[in-house]
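Lettering of chains follows the sequences in order, A, B, ..., and the numbering in each one begins at 1. Please read all numbers here as calculations on a predicted model, not as lab measurements.
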Protein chains: 2
Amino acid sequence: MYQQLSDYLKILADPSRLEILDLLSCDELCACDLLAHFHFSQPTLSHHMKVLARYQLVQSRKNGTKTMYRLNKERLEEITSQLSSIGAATSPCVCDQLEKGTCET
Amino acid sequence: MYQQLSDYLKILADPSRLEILDLLSCDELCACDLLAHFHFSQPTLSHHMKVLARYQLVQSRKNGTKTMYRLNKERLEEITSQLSSIGAATSPCVCDQLEKGTCET
DNA sequence: ATTATATATAGATTATCATCTATATATATA
DNA sequence: TATATATATAGATGATAATCTATATATAAT
């Protein structure tokens, strides 16, 4: 569970990928439009999009030679919601399983 | 801006650190109580706590030989809030700066 | 059919980081 | 003061990942 959330956060923990998602928050865009916005190479963008798609943060469709990408807002919300719950004292807290004072309080 | 959020997410993108924060969401705990819950070494915990403290995700105070840690919920909420805004079509979206159709639509 | 455009894949490189062992420091107790 | 407990630091190592160049693939247009 922590592993899974951590995996998602790893995907998001890259400034370029965050910016890609932000760009897609307005509109569906093709890879070439995204590429024009950045300074890295085309294979690098392709790699980022593959990673984002594998974790379903974006969805893609083919349109001629172009690949159109759109943000999967639900998935992003899912992640932020899980992250919020980490800080909440309720539910997924494992404090009860924790034996406090083992090192003497 | 994306760089800064990405830095925070990098800190959170570790299952052990997520679990540490979750443990601290209930209560203030000392390092030794936390350590008892994990399988990694004491220096590894010390390293994690240092990282979390550097980014102000936890706050620490000395109590005798012990170091007590507590979760900084405000900081965590700040991060989740920033992450949410990535998916929002409004405000910090850079779509306007993006010249669409440079690769011909 | 050939050429141009858009994207994907392969393989290499460099940097970062989670973890370890060994050791140091600091406090409390006997 | 000597010893035990709690934590921190130093340095090394192995794994992961962001990026690159070179190349392949697939579609559109001439």
Worksheet item: OP1, OP2 of dT9(D) versus side-chain N and O of S46(B): anything below 4.0 Å?
Response: no
Response to the item:
From CG of N63(B) across to P of dA6(D) the rounded distance in Å is 12 Å
Worksheet item: For DNA chain C, which consecutive runs of 3 or more Watson-Crick or G-U pairs (each distance under 3.5 Å) count as stems?
Response: C:1-30 with D:1-30
Discussion item. Quick check for you: among dT7(C), dC20(D), dT7(D), whose closest atom lies nearest to any side-chain atom of F40(A)?
Written reply: dC20(D)
Practice prompt. Grab the NZ-C1' distance between K66(B) and dT25(C) for me, whole Å please.
Written response: 18 Å
Item to complete: Specify the separation, in whole Å, of atom CG of D33(B) and atom C1' of dT5(D).
Response: 14 Å
Response to the item:
Side-chain atoms of P43(A) come closest, of dA22(C), dT7(D), dA10(C), to dA10(C)
Worksheet entry | For S84(A), side-chain hydrogen bond (donor to acceptor under 3.5 Å, both in side chains) partners two or more places apart | none
Practice prompt. Grab the CE-C1' distance between M68(A) and dA8(C) for me, whole Å please.
Written response: 18 Å
Fill in: Partner of L57(A) by side chain to side chain contact (heavy atoms under 4.5 Å, CB included), out of L24(A), L71(A), L52(A), N72(A)
L52(A)
Item to complete: Please list, chain by chain and in numerical order, all residues satisfying side-chain hydrogen bond (donor to acceptor under 3.5 Å, both in side chains) with T65(B), sequence neighbours excluded.
Response: none
Discussion item. Looking at dC20(C), I'd like to know if its phosphate oxygens (OP1 or OP2) sit under 4.0 Å from a side-chain N or O belonging to S41(B).
Written reply: yes
Discussion item. What's the closest nucleotide to the side chain of T65(A) if the choices are dT7(D), dT7(C), dA6(C)?
Written reply: dA6(C)
Item to complete: Kindly say whether, by distance alone, the side chain of Q42(B) makes a donor-acceptor pair under 3.5 Å with the base of dA6(D)?
Response: no
Worksheet item: Should L45(B) and Q42(B) count as side-chain neighbours, where that means a heavy-atom distance under 4.5 Å?
Response: no
Worksheet item: Is the distance from OP1 or OP2 of dT7(D) to the nearest side-chain N or O of K50(B) less than 4.0 Å?
Response: no
Discussion item. Expressed as a whole number of angstroms, how long is the span from L45(A):CG to dC20(D):P?
Written reply: 11 Å
Tabulated below should be each protein N or O lying under 3.5 Å from an N or O of nucleotides 15-18 of chain D; please produce it.
unit_1	atom_1	unit_2	atom_2	d
dA18(D)	OP1	R17(A)	NH2	2.9
dA18(D)	OP2	R17(A)	NH1	3.2
dA18(D)	OP2	R17(A)	NH2	3.3

Fill in: Counterpart residues, side-chain hydrogen bond (donor to acceptor under 3.5 Å, both in side chains), relative to H47(A) (two or more places apart)
none
Discussion item. How many whole angstroms separate atom CG of L52(A) from atom P of dT7(C)?
Written reply: 15 Å
Worksheet item: Can you tell if the side chain of M49(B) reaches within under 4.5 Å of the side chain of L34(B), non-hydrogen atoms only?
Response: yes
Item to complete: Please state how far atom CG in L35(A) lies from atom P in dT5(C), giving the value in whole angstrom units.
Response: 15 Å
Item to complete: Indicate, with a heavy-atom threshold strictly under 4.0 Å, whether Y69(A) touches base, sugar-phosphate, or nothing.
Response: sugar-phosphate
Discussion item. Is the shortest side-chain heavy-atom distance between L76(B) and L12(B) below 4.5 Å?
Written reply: yes
Worksheet item: Quick one: does I20(A)'s side chain get under 4.5 Å of F38(A)'s, heavy atoms only?
Response: yes
Worksheet, complete the sentence: residues 8-28 of chain B vs ring-ring contact (aromatic ring centres under 6.0 Å, His included), sequence neighbours excluded, gives Y8(B)-Y55(B)
Worksheet item: Where do K10(A) and K10(B) land on the side chain to side chain contact (heavy atoms under 4.5 Å, CB included) test, with the steps shown first?
Response: CA-CA 6 Å; K10(A) 271 192 184 64; K10(B) 271 193 185 62; over 6 Å; no
Worksheet entry | Nucleotide dA18(C), atom C1' - distance to CG of D7(A) in whole Å | 14 Å
